[in-house]
2 protein chains.
Amino acid sequence: MTRVSFKAQMLRAREDAIVAAVNRLLAERGFDAMTVDAVAAEVGIAKASLYKHFESKEALAGAAMIGAVDRALVEIERLAHDPEHGTDFERLKALTRWAMREQLAGEMPSLPSQTSALRAALSANKAFVERLMQLSDLLGAWIGAAQRARQLDAKLPSEVVLYTLYARACDPAVALLKSGGNYDDEQIVELLLQACFGGIAARGA
Amino acid sequence: MTRVSFKAQMLRAREDAIVAAVNRLLAERGFDAMTVDAVAAEVGIAKASLYKHFESKEALAGAAMIGAVDRALVEIERLAHDPEHGTDFERLKALTRWAMREQLAGEMPSLPSQTSALRAALSANKAFVERLMQLSDLLGAWIGAAQRARQLDAKLPSEVVLYTLYARACDPAVALLKSGGNYDDEQIVELLLQACFGGIAARGA
DNA sequence: GTCTATATCAAGATAGAC
DNA sequence: GTCTATCTTGATATAGAC
């Protein structure tokens, strides 16, 4: 009864391939510079066929953004049960590390900068907004716990920490350091993680 | 002999007005979403006239980006002689504060995200590259001095600190906090400055 | 150097056959 | 649901008169 028809499986696989292509192009070029022709070419189907699956460029991007948030939610779930990360503070750090690695791998679609045409469309996308709120709630809980445990700075409002972490997931400093060519991916991640959590000012004394 | 003709003054004023409009639109919408029509409308002249002053959209943006770097250089010069900021560490902090205020005022054109069509054009713009190197050299000197004075974390490579500060000048966290509506502009600046220099992890103990 | 009018082209979206 | 061919729009850039 729960068996899924072969046709439906094919449909699903095709749409997954489309979303994956959009995700990559979104990470590589951003929404404005991504063309629907490029998506079609990457998937290997005609542009008109794309529009049978998604009704607009905004819908394509929306599906990819939902996928990105979902991957973050999956990673959160994984970290919550990973004995290697014993505190919420460590889990927040591990999640930020994961986000930076995704960015370096070209799999993190950059957040729509304040102004992008995408922003309005995403605000109207209920599935996206709902998942983003879920993500924010989970992170907010971790942040609050880590502040009470005195591992995160309790003087910073939780909102400031949350937005700071969101911003680090698309930090241009990652690409700048990468193009500098002096550090490999893992070094970039650890250096920026240190700058984010520890700050650039000296500690101690 | 050094007198400048009235006509040349008018020309200069007109071009300054154009660059100012481009700067604002670049800050508000970014390069891709900025149209030459919008620039013309904002300045109040015909689009064809714009092209008598600048040969392309990229040239327009280049002029605005050069202007932004120049404003930073002027601010650096001012800070270097301001007795209120006695150390290079304090000057770096003050410059970052200035950049965040510019961003909130809508006067900081966002850095071309890794992929923008603008990036290639800027790399080929000698005047821009030259000024950006000048800026980087000045900041690099301040960073090195602040690290030797043990006020900036000496374990972070100077390059990491430099790129981190560049990234904070267009930090999306600024706009996120602004749209959150819980803090006024000055509070946003001070909170993010604290997160950047002090880090989000707890200090002490 | 400024204007109006237009050329040109890229890109989002659709028609209609299979 | 996939294709080829086409429509339509919006945006960069230019022609040509004044």
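Numbered from 1 within each chain, the chains take letters A, B, ... in sequence-line order.
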task: With L139(B) as reference, evaluate V161(B), L165(B), I76(B), D88(B) under the side-chain contact (heavy atoms from CB on, under 4.5 Å) test and give the passing residue.
output: I76(B)

- prompt: Could R71(B) and E102(B) be called an ion pair, given the rule that one side-chain N must be under 4.0 Å from one carboxylate O?
  reply: yes

Beyond-backbone contact of M34(A) with K57(A), side-chain heavy atoms, under 4.5 angstrom: yes

field: Leading and trailing nucleotides of DNA chain C with any atom under 4.0 Å from heavy atoms of chain B
entry: dT2(C) to dT4(C)

query: For R119(A), does the CZ atom sit with more than 12 other heavy atoms under 6.0 Å from it, leaving out its own atoms?
result: no

message: For E75(B), is there an ion pair with R78(B) - N to carboxylate O distance below 4.0 angstrom?
response: yes

For the student: nearest non-hydrogen atoms of A94(B) and H85(B), plus distance: CB-CE1, 3.6 Å

- line: V19(B) and A64(B) have their tightest heavy-atom pair at CG1-CA, 3.9 Å

query: What is the distance from NZ of K57(A) to P of dG10(D), rounded to the nearest Å?
result: 15 Å

statement: Per the under-4.0 Å heavy-atom filter, residues of residues 13-36 of chain A near DNA chain D come out as R14(A)

task: Decide if atom CD of E15(A) counts as having more than 12 heavy atoms of other residues, nucleotides or ligands within a radius under 6.0 Å.
output: yes

task: Identify, residue by residue, the members of residues 118-125 of chain B with a heavy atom below 4.0 Å from DNA chain D, and return them in order of residue number, or none.
output: none

- prompt: Under 4.0 Å between a side-chain N/O of Y51(B) and OP1 or OP2 of dT14(D), yes or no?
  reply: no

query: With a 4.5 Å limit on heavy-atom distance, are the side chains of W142(A) and L79(A) in contact?
result: yes

task: Using a strict 4.0 Å threshold on nitrogen-to-oxygen distance, state whether D185(A) and R101(A) make a salt bridge.
output: no

For atom NZ of K47(B) and atom P of dT14(D), their distance in whole Å: 11 Å

message: How many whole angstroms separate atom CG of D37(B) from atom C1' of dT9(D)?
response: 13 Å

